[in-house]
Amino acid sequence: MKVLSLFDGISCGRVALERCEFNVESYDAYEIEKDSIKISLKNYPDIKQHGSVVDADFTQYKGYDLLIGGSPCQGFSFAGEMLNFEDPQSKLFFEFVRALKEVEPKYFLLENVKMPKQFENVITEYLGVKPILINSNLVSAQNRQRLYWTNIPNVDQPEDRGILLKDVITSDKGSFPLSVTHLNAFLKSYPSWKESPLDGKSKPILASYYRQPPYCPYIRCEFTESGYRRLTPIECERLQNLPDNYTEGVSNSSRIKAIGNGWTVDVISHILKNIKE
């Protein structure tokens, strides 16, 4: 299988293909984040990295089997500024459209956040297929609703594996404490805030994990002064179905940013397996 991946991040798509036991003949990736590229090449040295999608010549990949991508979503997200297609990063969606026309792959898959219907409809019109909404909580311990546009046939909902947050938690020691000052600061702004319950699902891992505490998973921890801590990089990897220490080799903040920008691997493998079937 020949694969072209746009906005490749840490190559979660490659992990999913591996889990489906596809024979990947070539995997060409477009990504600009240096730490993400470093993580990707650490795990898959054979990936060909090409940098920015802007002005890329996608005709060289004409006839590839699979085009995948998760274009930047800041302009679509309910948690963002809602700038839609005027957002510079969200405009990159049209690079995926251009690649689709120039490559004419057998199959394609585009992932993005749950968004207002008017934005969703624009993407649907360009891609010619309606999306399926899948919550990662079916295959992992986090609530993470995402839309998937694909021409891969017979895509349905994954089976619920019943994975809870307590199933991915490691030792509290060596974790990331939440200070009392930090806790009080956002409790003042978000009085209804609640930590992620160990016997339930966590909030989604976001790229902005360290900058948006009310949107991030925190759990109770007796080893911290405040009684709460952030999730560790390994725990975040497990929420995205990645192997332990997959993102090792860069700073912890870069690891979690890259994980938050990534895909829930087993949702992607659930979709891709339909190609084989």
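- With sequence neighbours left out, Arg144 forms a salt bridge (Lys or Arg N to Asp or Glu O under 4.0 Å) with no residue at all.
- Applying the side chain to side chain donor-acceptor pair (under 3.5 Å) rule to pairs touching residues 47-56 yields Asp28-His50, Ser40-Gln49, His50-Tyr61, sequence neighbours excluded.
- Asp244 pairs by the salt bridge (Lys or Arg N to Asp or Glu O under 4.0 Å) definition with Arg238, not counting sequence neighbours.
- Criterion: ILVMFWY side-chain heavy atoms under 4.5 Å apart, direct or through other members. Under it, Val54 and Leu6 are part of a common hydrophobic cluster.
- Side chains of Asn241 and Trp263 form no contact here, defined as non-hydrogen atoms less than 4.5 Å apart.
- Between the Thr264 side chain and the Val267 main chain, no donor and acceptor come within less than 3.5 Å of each other.
- Scanning all heavy atoms of the two residues, the minimum distance from Ser26 to Lys2 falls at OG-CG, 3.4 Å.
- Under a 3.5 Å cut-off, the side chain of Glu111 and the backbone N or O of Gly69 do not form any donor-acceptor pair.
- In this structure, Glu225 places its CD atom where only 12 or fewer heavy-atom neighbours from other residues, nucleotides or ligands lie under 6.0 Å away.
- Residues Tyr246 and Val15 have side chains in contact (heavy-atom distance under 4.5 Å, counting atoms from C-beta outward).
- Taking the side-chain hydrogen bond (donor to acceptor under 3.5 Å, both in side chains) definition, one finds that Gln157 meets it with nothing, sequence neighbours left out.
- Residues passing the salt bridge (Lys or Arg N to Asp or Glu O under 4.0 Å) test with Glu31: none are found, sequence neighbours excluded.
- In this model, no donor atom of one side chain and acceptor atom of the other lie less than 3.5 Å apart for Tyr148 and Asn112.
- Note: Met115 CE to Glu120 CD = 7.0 Å, rounded to the nearest 0.5 Å.
- Ring centroid separation for the pair Tyr30 and Phe58 comes in under the 6.0 Å cut-off.
- Between Arg255 and Glu237 there is a salt bridge, with a side-chain nitrogen of the basic residue lying less than 4.0 Å from a carboxylate oxygen of the acidic one.
- Applying the side-chain hydrogen bond (donor to acceptor under 3.5 Å, both in side chains) criterion to Asn154, with sequence neighbours excluded, gives no partner residue.
- Pro131 places none of its side-chain heavy atoms less than 4.5 Å from the side chain of Ile123.
- Put simply, the side chain of Leu17 reaches to within 4.5 Å of the side chain of Val3, judged on heavy atoms.
- Checked against salt bridge (Lys or Arg N to Asp or Glu O under 4.0 Å), Asp35 has no partners two or more places apart in sequence or in another chain.
- Under the 4.5 Å side-chain criterion, counting only non-hydrogen atoms from C-beta, Val129 is not in contact with Thr150.
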Intermediate values then yes/no, salt bridge (charged side-chain N to carboxylate O under 4.0 Å, His left out), Glu33 and Lys38 = CA-CA 9 Å; Glu33 291 284 345; Lys38 184 177 180 179; over 6 Å; no
request  = Evaluate side-chain contact (heavy atoms from CB on, under 4.5 Å) for Thr224 paired with Cys221, printing each intermediate quantity in order.
outcome  = CA-CA 6 Å; Thr224 65; Cys221 172; 3.8 Å; yes
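- Looking only at atom types and distance, the side chain of Tyr44 has a donor-acceptor partner in the side chain of Glu18 under 3.5 Å away.
- Interatomic distance, Ile219 CD1 to Lys166 NZ, rounded to the nearest 0.5 Å: 13.0 Å.
- Listed by chain and residue number, Lys117 satisfy the side-chain contact (heavy atoms from CB on, under 4.5 Å) test with Asn121 (two or more places apart in sequence, or in another chain).
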For a quick test of your reading: what N or O donor-acceptor pairs under 3.5 Å do the side chains of residues 103-110 make, sequence neighbours left out?
residue: Glu104; atom: OE1; partner: Lys62; partner atom: NZ; Å: 3.1
residue: Lys106; atom: NZ; partner: Asp65; partner atom: OD1; Å: 3.3

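- The closest donor-acceptor contact from the side chain of Ser226 to the backbone of Tyr228 lies under 3.5 Å.
- The two atoms that bring Glu235 and Thr170 nearest to each other are OE2-N, 2.8 Å, heavy atoms only.
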request  = May I have the step-by-step check of side-chain contact (heavy atoms from CB on, under 4.5 Å) for Arg161 and Leu138, ending in yes or no?
outcome  = CA-CA 6 Å; Arg161 299 180 187 174; Leu138 294 172; over 6 Å; no
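- Of the N and O atoms on the side chains of Gln142 and Ser202, not one donor lies less than 3.5 Å from an acceptor on the other residue.
- Taking 4.5 Å as the limit, some side-chain heavy atom of Phe22 sits within range of a side-chain heavy atom of Leu272.
- Both Tyr64 and Val97 are part of a single hydrophobic cluster, where members link through side-chain heavy atoms under 4.5 Å apart.
- We find the CD1-CG distance between Ile259 and Asn261 to be 10.5 Å, quoted to the nearest 0.5 Å.
- One finds the CD1 atom of Ile275 at 8.0 Å from the SG atom of Cys20 (value rounded to the nearest 0.5 Å).
- Each of Ile32 and Ile68 belongs to its own hydrophobic cluster when Ile, Leu, Val, Met, Phe, Trp and Tyr are linked at side-chain heavy-atom distances under 4.5 angstrom.
- We find that Glu125 and Lys130 are not joined by a salt bridge, their nearest charged nitrogen and carboxylate oxygen being 4.0 Å or further apart.
- In plain terms, the two heavy atoms of Asp167 and Gly162 that are nearest each other are OD2-O, 4.1 Å.
- Side-chain contact check for Tyr27 versus Asp46: every heavy-atom pair is 4.5 Å or farther apart.
- Although no hydrogens or angles enter the test, the distance criterion places a donor-acceptor pair under 3.5 Å between the side chain of Lys201 and the main chain of Asn137.
- In the hydrophobic clustering of ILVMFWY residues, with side-chain heavy atoms under 4.5 Å counting as a link, Leu164 and Tyr218 come out apart.
- The side-chain heavy atoms of Arg19 and Val265, taken from C-beta on, include a pair separated by under 4.5 Å.
- No side-chain N or O of Asn143 forms a donor-acceptor pair with one of Ser136 less than 3.5 Å apart.
- Sorted by first then second residue, the side chain to side chain donor-acceptor pair (under 3.5 Å) pairs that include residues 92-102, not counting sequence neighbours, are Glu95-Arg98, Arg98-Glu102.
- Interatomic distance, Lys273 NZ to Ile152 CD1, rounded to the nearest 0.5 Å: 10.5 Å.
- Atom-to-atom distance recorded for Lys34:NZ and Ile39:CD1 is 14.5 Å, nearest 0.5 angstrom.
- No donor-acceptor pair under 3.5 Å is formed between the side chain of His270 and the backbone N or O of Val155.
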Candidate pair Phe7 and Ser71, rule side-chain contact (heavy atoms from CB on, under 4.5 Å), full reasoning = CA-CA 6 Å; Phe7 326 106; Ser71 56; 3.6 Å; yes
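- Considering only residues two or more places apart in sequence or on other chains, Thr181 meets the side-chain contact (heavy atoms from CB on, under 4.5 Å) condition with Ser179.
- You'll find the ring centres of Tyr126 and Phe94 inside the 6.0 Å limit.
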ask   = Would Leu239 and Val168 count as a side-chain contact (heavy atoms from CB on, under 4.5 Å) if you check the C-alpha gap in whole Å, the side-chain angles of each, and the deciding distance to 0.1 Å?
value = CA-CA 7 Å; Leu239 290 181; Val168 305; 4.0 Å; yes
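- In this structure, the side-chain contact (heavy atoms from CB on, under 4.5 Å) partners of Asp199, at least two apart in sequence or on a different chain, are Pro197.
- A chain of hydrophobic side-chain contacts below 4.5 Å, direct or via other Ile, Leu, Val, Met, Phe, Trp or Tyr residues, connects Leu147 to Phe93.
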